[in-house]
Amino acid sequence: MPELPNEIAWTLVNMEDWGGGLERTYRADNVEHTNCGGDVLLIHLHDELGAVTGVHSRCAKCDEDLTA
């Protein structure tokens with residue numbers, strides 16, 4: 001699993017099987033989306049062996065893609 005940024009307090013809020021592995025969703029406890037105040041989410045997609053195949057970030061309130 002990739003390292004989560006240390007300056008942000010992350011909480012695992014959802015884990016589900018997307019059919020090809022797991023999707024883990026983390027919420028930033030100490031960061032809000034500046035445009036709307038929504039929770040910042042970080043999503044890790046894993047394959048069947050647990051390797052990370054994709055990472056993206058989005059706002060839980062307005063659904064804006066926050067991946068940099």
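These figures come from a predicted structure and were not determined experimentally. Sequential numbering from 1 along the given sequence is applied to the chain's residues.
The hydrophobic cluster around Leu45 extends to Trp18, Leu41, Ile43, counting ILVMFWY residues whose side-chain heavy atoms fall within less than 4.5 Å of a member. In this structure, Val13 stands alone, with no Ile, Leu, Val, Met, Phe, Trp or Tyr side-chain heavy atom under 4.5 Å from its own, directly or through other members.
Under a hydrophobic clustering in which Ile, Leu, Val, Met, Phe, Trp and Tyr are joined whenever their side-chain heavy atoms come within less than 4.5 Å, directly or via other members, Trp10 and Val55 fall into the same cluster.
For residues 35-55, no residue pair satisfies the salt bridge (charged side-chain N to carboxylate O under 4.0 Å, His left out) rule, not counting sequence neighbours.
Residues that satisfy the side chain to side chain contact (heavy atoms under 4.5 Å, CB included) test with Leu12, not counting sequence neighbours, are Arg24, Tyr26. For Glu64, the side chain to side chain contact (heavy atoms under 4.5 Å, CB included) criterion is met by His33, Asn35, Cys62, Leu66, not counting sequence neighbours. Residues that satisfy the side chain to side chain contact (heavy atoms under 4.5 Å, CB included) test with Asp65, not counting sequence neighbours, are Thr67. With sequence neighbours excluded, no residue forms a side-chain hydrogen bond (donor to acceptor under 3.5 Å, both in side chains) with Thr34. With sequence neighbours excluded, the residues forming a salt bridge (charged side-chain N to carboxylate O under 4.0 Å, His left out) with Asp63 are Arg58, listed by chain and number.
Atom CG of residue Leu42 and atom CZ of residue Arg27 lie 13.0 Å apart, to the nearest 0.5 angstrom.
What you find for Val52 and His46 is that their closest heavy atoms are CG2-CE1, 3.5 Å.
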